[in-house]
There are 2 protein chains.
Amino acid sequence: MLALSTRPVVLDPHATVNACASCDARPHSVCNAIPDSDLARLTAIATVTHAQPGTTFIQEGDPATHFFNISSGTVRMYKLLPDGRRQITGFAGVGHFLGLAVSETYAFSAEAIDTVRFCRFSRARVRTLLDDYPKMEKRLLEVASTELVAAQDQMLLLGRKTARERLASFLMMQARQGVMCQTSRTRFPLPMSRGDIADYLGLTIETVSRTFTKLRAEGFIDIPSASEITIRAPVALEGMASGLS
Amino acid sequence: MLALSTRPVVLDPHATVNACASCDARPHSVCNAIPDSDLARLTAIATVTHAQPGTTFIQEGDPATHFFNISSGTVRMYKLLPDGRRQITGFAGVGHFLGLAVSETYAFSAEAIDTVRFCRFSRARVRTLLDDYPKMEKRLLEVASTELVAAQDQMLLLGRKTARERLASFLMMQARQGVMCQTSRTRFPLPMSRGDIADYLGLTIETVSRTFTKLRAEGFIDIPSASEITIRAPVALEGMASGLS
DNA sequence: GGCGGGCATTGATCTGGATCAACGCCATCC
DNA sequence: GGATGGCGTTGATCCAGATCAATGCCCGCC
């Protein structure tokens, strides 16, 4: 539960001219609102950075000075109660944009699960950039709206679904690799631990483990290793996820 | 749980010229991004409408054709599971803006709790308006970001707080009259039923009722009538809400 | 290869909140 | 004023998932 407090490492403080042009995340990300011809402006305000597993790079309550754009790896966002109870509000992968906030402080913390590479932008500079690219502003609104819909789904899950339905929902969501993509995989890795899954679904580690075991025993899934899942009955699981049965 | 299916009543199909200028909600709402001098454009695309208690005016899954702006009354937004389990994702009051969505369909349903007055805007027309008022787009992004933060708080509540902490959080939030305002009231009405509160907090009616009774017995609150609350120990309740004790 | 530590699994027991079941309190309407 | 029906409250019991407690498994390291 406790994070290493090592600072993220800056790979390239004055990012090379084509850093953004060759970025893996660009096709998936809000950056694609900026035309190739103007990429230099984006590159100029981006700092390419990476974070080791377990590093906290956004701390709830700290002044919200930067935006982040994930180019590889997986991040967990979470909120804590004073006694250590944790709620993971989401996992962020390639192309995901972090740090939207009206308030002057971050509303959540973010930690690297595996090695994470990301671009960091100062909020002040992004604001001036936005004035010149209304299309980017539109993209951000789209992103925020999409996340709002996902958040409402998660409220339904946390407030009203059973442990079994929560796990089924989680697995089918991972199969779609996050929220972005529509194509569904039948075999995929789970970069996060059982503890992370538990804190995301509002359950305990033990309940997550037992429910996985049960779903396997019933033939819905396979668990080749603790961090890998095969979906055997996608339709049944999708039904389970949406509360049928 | 079931809603009346009466349609909302259109009060003024071609809204009077100064409808927006004299609107009670304008100071609290996204509309204030449009200068007084240009209000006619806003008025021209607004339809002033009201809905009787229990009326469903947004239906999850229906084509998302309109935006809504509440000018008085209280609305519940919710999602249902096929067997009728319900999660209320939020209550919307004066100035609240509904209907943000990337998708072509609404992601949630919305019902009037009491008599609700609102403005309705066609999405297509709002889109063209937005092109002329980038400031309005910025306001929408602010609104979406604020709601996202509120949604994350609600996830923490639903995933990790006890019944007692949930009720304390709910009461302190109502005392701040929704999310917008900062000034905290010590006595206020609860327009929603115990069932609504339960479905908002991921509890049952019985647990809500019992917990209210207990908080009163312990001297934290008073319940002059079922739909009215007095906060007696705001500091203690705030602590309880954030998970201390 | 054996040791240590961090996950994950599995079993036994407990409990907060759900469920089931009355009952009370108003309003509204004959 | 008495019947009706929709909340809300209260009590008794139950159970899904939490908690407590081993045990297993894997991987890195000496």
Side-chain angles (χ1 to χ4, degrees), chain A residues 1-4 53-54 76 81 83-87 113-114 157-170 189-217 221-229 240 243 245, chain B residues 1-4 53-54 76 81 83-87 113-114 157-170 189-217 221-229 240 243 245:
Chain A
M1 189 99 89
L2 289 178
L4 304 177
R76 58 178 165 250
L81 290 173
D83 62 1
R85 280 174 286 171
R86 181 177 69 156
Q87 179 64 40
I113 291 181
D114 43 23
L157 179 148
L158 292 170
R160 290 299 180 221
K161 289 186 184 174
T162 64
R164 195 178 167 78
E165 290 164 352
R166 292 179 201 205
L167 259 300
S169 303
F170 172 73
L190 291 181
M192 66 292 286
S193 71
R194 296 291 186 266
D196 288 342
I197 299 173
D199 284 350
Y200 180 56
L201 300 179
L203 300 170
T204 59
I205 292 179
E206 293 93 327
T207 299
V208 169
S209 180
R210 271 187 256 273
T211 308
F212 269 150
T213 305
K214 203 143 178 233
L215 290 175
R216 179 182 49 189
I221 60 173
D222 240 353
I223 312 178
S225 84
S227 63
E228 195 156 16
I229 292 287
M240 199 183 292
S245 84
Chain B
M1 190 99 86
L2 289 178
L4 305 176
R76 58 178 164 249
L81 290 172
D83 63 1
R85 279 174 287 171
R86 182 178 69 157
Q87 180 64 38
I113 291 181
D114 43 24
L157 180 149
L158 292 169
R160 290 301 180 216
K161 289 187 184 175
T162 65
R164 196 179 167 78
E165 291 164 352
R166 292 179 201 206
L167 259 299
S169 303
F170 172 73
L190 291 181
M192 67 292 287
S193 71
R194 296 291 186 269
D196 288 342
I197 298 173
D199 284 351
Y200 179 55
L201 300 177
L203 300 170
T204 58
I205 293 179
E206 293 93 328
T207 300
V208 169
S209 179
R210 272 188 256 272
T211 307
F212 269 150
T213 304
K214 202 137 178 241
L215 289 176
R216 179 182 50 189
I221 60 171
D222 241 354
I223 312 177
S225 84
S227 64
E228 196 156 15
I229 292 286
M240 199 183 294
S245 84

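The chains referred to below are lettered A, B, ... by the order of the sequence lines, with proteins before strands, and numbering in each begins at 1.
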Fill in: Closest to the B:Glu206 side chain, choosing from C:dG17, D:dA21, C:dC20
C:dC20
Worksheet item: Between C:dG17, C:dT10, D:dG8, which one does the side chain of A:Ser209 approach most closely?
Response: C:dT10
Practice prompt. Could you say whether A:Arg160 or A:Gly195 is positioned toward the 5' end of DNA chain C, judged by the nucleotide with the nearest heavy atom to each?
Written response: A:Gly195
Grab the [atom1]-[atom2] distance between [X] and [N] for me, whole Å please.
| X | N | atom1 | atom2 | value |
| --- | --- | --- | --- | --- |
| B:Arg164 | C:dT15 | CZ | P | 18 Å |
| B:Leu158 | C:dG16 | CG | C1' | 16 Å |
| A:Arg85 | D:dT19 | CZ | P | 10 Å |
| A:Glu228 | D:dC26 | CD | P | 14 Å |
| B:Ile205 | D:dC7 | CD1 | C1' | 8 Å |
| B:Lys161 | D:dA18 | NZ | P | 18 Å |
| B:Arg194 | D:dG6 | CZ | P | 18 Å |
| B:Ile223 | D:dC7 | CD1 | P | 18 Å |

Donor-acceptor pair, side chain of [X] and main chain of [Y], under 3.5 angstrom:
| X | Y | result |
| --- | --- | --- |
| B:Arg166 | B:Leu158 | yes |
| A:Arg194 | A:Ala226 | yes |
| A:Arg216 | A:Ile221 | no |
| A:Glu165 | A:Thr162 | yes |

Worksheet entry | Upstream residue (5' side of DNA chain D) when B:Arg210 and B:Met192 are each assigned their closest nucleotide | B:Met192
Worksheet item: Considering all heavy atoms of both residues, which atom of A:Tyr200 and which atom of A:Gln87 are nearest to each other, and what is their separation?
Response: O-NE2, 3.1 Å
Are any of [X]'s side-chain N or O atoms less than 4.0 Å away from OP1 or OP2 of [N]?
| X | N | value |
| --- | --- | --- |
| A:Thr207 | D:dA18 | yes |
| B:Thr204 | C:dA18 | yes |
| A:Thr213 | C:dT10 | yes |

